[in-house]
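See structure below.
Atom set for the values below is all heavy atoms of this structure, side chains included, hydrogens, waters and symmetry mates excluded. Here the structure is a predicted model, which means the values were calculated and not measured.
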Amino acid sequence: MRLYSLSVLYKGDPKVHLLKAAYDVSTFNFFQRSSVQEFMTFTSQLIVERSELGSRASVKEQDYLCHVYVRNDGLAGVVIADNEYPQRVCFTLLDKVLDEFSRQVSKVDWPSGSPATISYAALDGYLSKYQNPRDADPMTRVQAELDETKIILARKQNSCCEIM
C-alpha cells in the first residue's frame with residue numbers, strides 16, 4: 001500500500017489551480033520522477049476540474065486510484081494512491097487536510113495562490129504519516145487487530161479439533 005501524492009487545489013470560476021502539493025516518487029526510477037510528478041499534478045487538476053462542488057469520487061487512472069474531494073467553497077483535495085490503499089482512509093485524510101488548510105490559509109488567498117505563495121507545510125508530514133494506514137488511522141488499526149484475533153482464534157480452534 002502506498003500514497004504517491006497529496007494535493008490541495010482551488011476550483012475557481014475560470015480554472016482549477018494548484019495551491020500546495022506533496023509527492024512521494026521515491027519508488028520510481030530517478031529519470032522518471034519529474035515526469036511522474038507532472039503526470040500526478042496534471043491528473044489532480046483534471047479530476048478536480050471535472051468534479052462538481054460538494055462531491056467525492058474515486059477515479060482509476062492507469063495503475064493508480066485518485067481520490068478527490070471538492071468542497072462547496074471550491075477548496076479541493078486529491079490523493080493518488082495504489083489500488084490496495086483503503087478508500088476510507090484517503091477520504092479521512094482529505095477531510096483533515098482541507099479543514100486544517102482552510103483554518104491556516106485565508107480564503108482570500110485561494111483564488112490567486114500558488115505553491116510558491118501559499119505557506120502550508122503540513123502536506124509532507126501527512127503524506128509520510130499516512131503511508132501506513134494502520135499507524136495513521138485508528139479504525140484501520142482496530143480492524144487489523146480484529147483480523148489478527150480471528151486468525152489466532154481459528155488456529156486455536158483447529159488445533160483443539162485435531163487433538164480430539
Side-chain angles (χ1 to χ4, degrees), residues 1-140:
M1 285 187 270
R2 189 135 195 97
L3 290 179
Y4 298 106
S5 169
L6 174 58
S7 307
V8 177
L9 303 98
Y10 179 69
K11 183 173 180 153
D13 198 15
K15 66 175 191 162
V16 172
H17 62 274
L18 183 68
L19 297 176
K20 214 58 170 170
Y23 303 95
D24 181 357
V25 291
S26 60
T27 58
F28 296 96
N29 179 315
F30 178 78
F31 298 106
Q32 295 176 318
R33 290 179 184 173
S34 63
S35 60
V36 167
Q37 189 169 321
E38 286 176 28
F39 160 77
M40 290 182 189
T41 301
F42 174 77
T43 301
S44 296
Q45 289 175 314
L46 187 64
I47 289 171
V48 169
E49 190 176 293
R50 293 180 179 177
S51 298
E52 297 294 322
L53 292 177
S55 67
R56 296 174 192 259
S58 295
V59 179
K60 185 166 176 48
E61 179 61 38
Q62 296 181 14
D63 295 332
Y64 312 102
L65 264 176
C66 306
H67 307 280
V68 61
Y69 173 35
V70 182
R71 297 185 347 171
N72 287 324
D73 59 6
L75 193 62
V78 177
V79 170
I80 299 178
D82 63 12
N83 292 319
E84 296 174 9
Y85 202 90
Q87 178 180 2
R88 187 191 57 74
V89 178
C90 289
F91 286 113
T92 300
L93 173 59
L94 287 173
D95 278 338
K96 184 181 285 191
V97 166
L98 293 179
D99 284 346
E100 186 178 292
F101 186 91
S102 65
R103 283 192 307 269
Q104 292 183 16
V105 178
S106 173
K107 191 174 185 173
V108 175
D109 296 331
W110 299 353
S112 61
S114 70
T117 61
I118 299 290
S119 62
Y120 178 74
L123 286 184
D124 288 316
Y126 280 124
L127 190 63
S128 174
K129 178 181 177 184
Y130 275 79
Q131 284 301 333
N132 185 348
R134 183 175 176 178
D135 293 342
D137 182 58
M139 190 124 66
T140 303

- Message: Has S128 got a side-chain atom pairing as donor or acceptor with D124's backbone, closer than 3.5 angstrom?
- Response: no

- Message: So does H17 get a backbone contact from the side chain of K15, meaning a donor-acceptor N/O pair under 3.5 Å?
- Response: no

- If you look at every heavy atom in E100 and Y120, which pair is closest and at what distance? OE2-OH, 2.9 Å

- Query: Taking C-beta and beyond as the side chain, do H67 and L93 meet within less than 4.5 Å on heavy atoms?
  - Reply: no

- Item | The single option from V68, I80, V70 passing side chain to side chain contact (heavy atoms under 4.5 Å, CB included) against I47 | V68

- Any chance you could measure N72, atom CG, to E52, atom CD, to the nearest 0.5 Å? 11.0 Å

- Item | K96 and Y130: CA distance, side-chain angles, deciding distance, side-chain hydrogen bond (donor to acceptor under 3.5 Å, both in side chains) verdict | CA-CA 12 Å; K96 184 181 285 191; Y130 275 79; 3.2 Å; yes

- Item | Salt bridge present between D99 and R71 (N-O < 4.0 angstrom) | yes

- Taking the side chain as every heavy atom from C-beta outward, state whether V79 and L94 have any atom pair closer than 4.5 Å. yes

- Message: Would you say that L9 contacts E49 through its side chain, given a criterion of any heavy-atom pair below 4.5 Å between the two side chains?
- Response: no

- Item | Any donor-acceptor pair under 3.5 Å from E61 side chain to C66 backbone | no

- Checking side chain to side chain contact (heavy atoms under 4.5 Å, CB included) for the pair L19/D109: CA distance, chi angles, key distance, verdict? CA-CA 9 Å; L19 297 176; D109 296 331; over 6 Å; no

- When the ring planes of F39 and Y64 are compared, do they come out parallel, tilted or perpendicular, using 30° and 60° as the limits? tilted

- Query: So, F28 versus Y4, ring centres under 6.0 angstrom or not?
  - Reply: yes

- Message: Strictly distance-based, threshold 3.5 Å: is any side-chain N or O of D24 a donor or acceptor partner for the main-chain N or O of S26?
- Response: yes

- How far does CZ of F91 sit from CG of L98, to the nearest 0.5 angstrom? 11.0 Å

- Message: Which heavy atom of L3 sits nearest to which heavy atom of C90, and what is that distance?
- Response: CD2-SG, 4.4 Å

- Message: Counting only heavy atoms not in R33 (residues, nucleotides, ligands), do more than 12 fall under 6.0 Å from its CZ?
- Response: yes

- Heavy-atom distance under 4.5 Å between the side chains of D63 and D82, does that happen here? no

- Donor on one side chain, acceptor on other, T41 and Y23, under 3.5 Å: yes

- Message: I'd like to know if the side chain of K11 and the backbone of L53 have a donor-acceptor N/O pair within less than 3.5 Å.
- Response: no

- Query: Does the pair D95 and R56 meet the rule for a side chain to side chain contact (heavy atoms under 4.5 Å, CB included), with working shown?
  - Reply: CA-CA 11 Å; D95 278 338; R56 296 174 192 259; 3.0 Å; yes

- Query: Passes side chain to side chain contact (heavy atoms under 4.5 Å, CB included), V16 versus Y10? Steps please.
  - Reply: CA-CA 6 Å; V16 172; Y10 179 69; over 6 Å; no

- Given S58 and Q87, is the side-chain hydrogen bond (donor to acceptor under 3.5 Å, both in side chains) satisfied, shown in steps? CA-CA 8 Å; S58 295; Q87 178 180 2; 3.1 Å; yes

- Taking the side chain as C-beta and beyond, is there a heavy-atom pair between Q104 and S119 under 4.5 Å? no

- Should L18 and Q45 count as side-chain neighbours, where that means a heavy-atom distance under 4.5 Å? yes

- Query: Any side-chain heavy atom of W110 within less than 4.5 Å of one from V8?
  - Reply: no

- Task: Give the C-alpha distance, both sets of side-chain angles, the deciding distance and a yes or no for side chain to side chain contact (heavy atoms under 4.5 Å, CB included) between V59 and L65.
- Result: CA-CA 6 Å; V59 179; L65 264 176; over 6 Å; no

- Task: Without swapping roles, check the side chain of K20 against the backbone of P115 for a donor-acceptor pair under 3.5 Å.
- Result: yes

- Message: Quick check against the 3.5 Å criterion: does S44 have a side-chain atom that pairs as donor or acceptor with the backbone of M40?
- Response: yes

- Task: Evaluate the side-chain proximity of R2 to T27: yes if any heavy-atom separation is below 4.5 Å, no if none is.
- Result: yes

